[in-house]
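Counting from 1, the numbers follow the sequence of the chain as shown. Everything quoted here is computed from the prediction, not taken from an experiment.
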Amino acid sequence: MNRDLQSIRRDYQFDDLLEEQAGDNPLSLFDQWLEAAIEACPDDPTAMTLSTVDSDGWPHSRVVLLKQRDDSGFTFFTNYDSEKGQQLEVNNKACMNFFWPALSRQIRIEGRIEKVERHVSTEYFATRPRGSQLAARTSQQSAIIANRGELKSAYDAEEQKFQPTDDIPCPDNWGGYVLTPNFIEFWQGRPSRLHDRICFIRHQDSWLRKRKAP
């Protein structure tokens, strides 16, 4: 590559993230930042990098979409037989990272992941577009396939099984995971790389707030 990557940089001109603004509840602050991101970042504001670790200790990351945030934690949906599903079976400790460049903000969330109750998965599956439902039933996620045509043929075969008026059932190997956080860090970009980093560490039923150097 001939491009000078070292010269690509920008300064961050945003307000401070002070302790009084962060408050004592990181989940409330997360909701505020997500709402701001939805307004400022119309393209995939709920996208997050999900990092898992396999049985050999190798980390793996990919982008998924947050679909629910409630008292139980942070929920996304996927194929349970996928690589990330297999890795979570071995080690359910994981990390989520949200990055919103337009706001120069990141949120890093660490915790343990468990499958949601089955009814949560089936209820959400019923709200998905028909094409997404068929794709979930078609794709053996993360499996090696010969070519695009193989995938399209499998999709067409699945589509022929159902009339346009039929309800498409949720596959048994597809559903939700919820991450229960024990650590949440809020990163706000600031001028001269003097960024604000406020983190919250779960302590029993409350949160301890700390500031980290950038």
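Criterion: ILVMFWY side-chain heavy atoms under 4.5 Å apart, direct or through other members. Under it, Leu50 and Val53 are not part of a common hydrophobic cluster. Hydrophobic clustering (side-chain heavy atoms under 4.5 Å, transitive across Ile, Leu, Val, Met, Phe, Trp, Tyr) groups Phe98 together with Val64. Residues Trp187 and Met96 do not share a hydrophobic cluster, defined by chaining ILVMFWY side chains whose heavy atoms lie under 4.5 Å apart. When the side chains of ILVMFWY residues are joined at heavy-atom separations under 4.5 Å, either directly or via intervening members, Val116 and Ile113 end up in two distinct hydrophobic clusters. A single hydrophobic cluster is seen to contain both Leu29 and Ile38, as judged by linkage of ILVMFWY side chains at heavy-atom distances under 4.5 Å, directly or through other members.
Residues Ala47 and Val63 come closest through the heavy atom pair CB-CG1, 3.9 Å. Taking every heavy atom of both residues into account, Thr52 and Ala94 meet most closely at CG2-CB, 4.3 Å. Closest approach of Tyr155 and Gly131 over heavy atoms only: OH-CA, 3.5 Å.
Side-chain contact check for Ser121 versus Tyr80: some heavy-atom pair is nearer than 4.5 Å. For the pair Lys84 and Gln141, the minimum side-chain heavy-atom distance is below 4.5 Å.
Side-chain N or O atoms of Ser82 include one that pairs as donor or acceptor with a backbone N or O of Asn79 at under 3.5 Å. Using modelled atom types, one side-chain atom of Asp54 and one backbone atom of Gly57 make a donor-acceptor pair closer than 3.5 Å. Under the 3.5 Å distance criterion, the side-chain polar atoms of Arg197 are left unmatched by any main-chain donor or acceptor of Pro214. In this structure, Ser206 contributes its side chain and His203 its backbone to a donor-acceptor pair below 3.5 Å. No donor-acceptor pair closer than 3.5 Å links the side chain of Asp16 to the backbone N or O of Leu18. Under a 3.5 Å cut-off, the side chain of Ser139 and the backbone N or O of Ala135 do not form any donor-acceptor pair. Of the possible donor and acceptor atoms, none in the side chain of Ser132 sits under 3.5 Å from a partner among the backbone N and O of Arg128. Counting only distance, with no hydrogens or angles, the side chain of Asp70 and the backbone of Ser72 share a donor-acceptor pair below 3.5 Å. A side-chain donor-acceptor contact under 3.5 Å links Gln133 to the backbone of Phe125.
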Side-chain donor-acceptor pairs under 3.5 Å in residues 163-177, sequence neighbours left out?
unit_1: Asp166; atom_1: OD2; unit_2: Gln163; atom_2: N; d: 2.7
unit_1: Asn173; atom_1: ND2; unit_2: Asp81; atom_2: OD2; d: 2.9

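The pair Glu110-Arg108 meets the salt-bridge criterion, with a side-chain N (NZ, NE, NH1 or NH2) lying under 4.0 Å from an Asp/Glu carboxylate O. Arg209 and Glu19 are not joined by a salt bridge, as no carboxylate oxygen comes within less than 4.0 angstrom of a charged side-chain nitrogen.
Summarising the geometry, atom SG belonging to Cys199 is positioned 10.5 Å from atom CD1 belonging to Ile184; distances are rounded to the nearest 0.5 Å. Separation of atoms CG (Asn182) and CZ (Arg202) is listed at 7.5 Å; rounding is to 0.5 Å. Asp196 contributes atom CG, which lies 14.0 Å from atom NZ of Lys212 (distance to the nearest 0.5 angstrom). Glu158 CD to Thr138 OG1: the interatomic distance, rounded to the nearest 0.5 Å, is 5.0 Å. Atom NZ in Lys161 sits 10.0 Å away from atom CG in Leu134 (nearest 0.5 Å). One finds the CZ atom of Arg112 at 12.0 Å from the CG atom of Leu88 (value rounded to the nearest 0.5 Å).
Lys67 and Thr46 share no side-chain donor-acceptor pair at under 3.5 Å. Between the side chains of Thr75 and Gln68, no donor-acceptor pair is found at a separation under 3.5 Å. Side chains of Ser51 and Arg62: no donor on one and acceptor on the other come within 3.5 Å. A donor-acceptor contact closer than 3.5 angstrom links the side chains of Arg105 and Gln188.
The local environment of CD in Gln21 is crowded, with over 12 non-hydrogen atoms from other residues, nucleotides or ligands closer than 6.0 Å. No more than 12 heavy atoms of other residues, nucleotides or ligands shown are found within 6.0 angstrom of NZ on Lys152. Summarising the local packing, CD of Glu117 is surrounded by 12 or fewer heavy atoms from other residues, nucleotides or ligands at distances under 6.0 Å. Shown here is Asp24, whose CG atom has no more than 12 heavy atoms of other residues, nucleotides or ligands within 6.0 Å.
Phe200 does not carry Lys210 over the face of its six-membered ring by the limits of under 6.0 Å from the centre and within 45° of the normal.
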As a quick check of understanding, evaluate side-chain contact (heavy atoms from CB on, under 4.5 Å) for Phe186 and Leu17, giving each step before the final call. CA-CA 9 Å; Phe186 296 84; Leu17 174 60; 3.8 Å; yes
Step by step, would you call Ile109 with Phe74 a side-chain contact (heavy atoms from CB on, under 4.5 Å)? CA-CA 9 Å; Ile109 306 169; Phe74 300 81; 3.7 Å; yes
Leu65 vs Met48, side-chain contact (heavy atoms from CB on, under 4.5 Å): CA-CA, chis, key distance, verdict: CA-CA 6 Å; Leu65 300 179; Met48 60 185 180; over 6 Å; no
Yes or no on side-chain contact (heavy atoms from CB on, under 4.5 Å) for Lys115 and Glu89, after CA distance, side-chain angles and deciding distance? CA-CA 10 Å; Lys115 291 179 180 178; Glu89 282 293 317; 3.9 Å; yes
Between Glu114 and Thr180, is the side-chain hydrogen bond (donor to acceptor under 3.5 Å, both in side chains) condition met? List the steps. CA-CA 8 Å; Glu114 304 289 347; Thr180 301; over 6 Å; no
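In this view, Ala102 and Cys41 satisfy the side-chain contact (heavy atoms from CB on, under 4.5 Å) rule, not counting sequence neighbours.
Test Leu27, Val178, Leu34 against Arg69 for side-chain contact (heavy atoms from CB on, under 4.5 Å) and you get one pass: Leu27.
Using a 30° and 60° split on the angle between ring planes, Phe30 and Trp100 fall in the tilted class, from 30° to 60°.
Aromatic ring centroids of Tyr124 and Phe77 lie under 6.0 Å apart.
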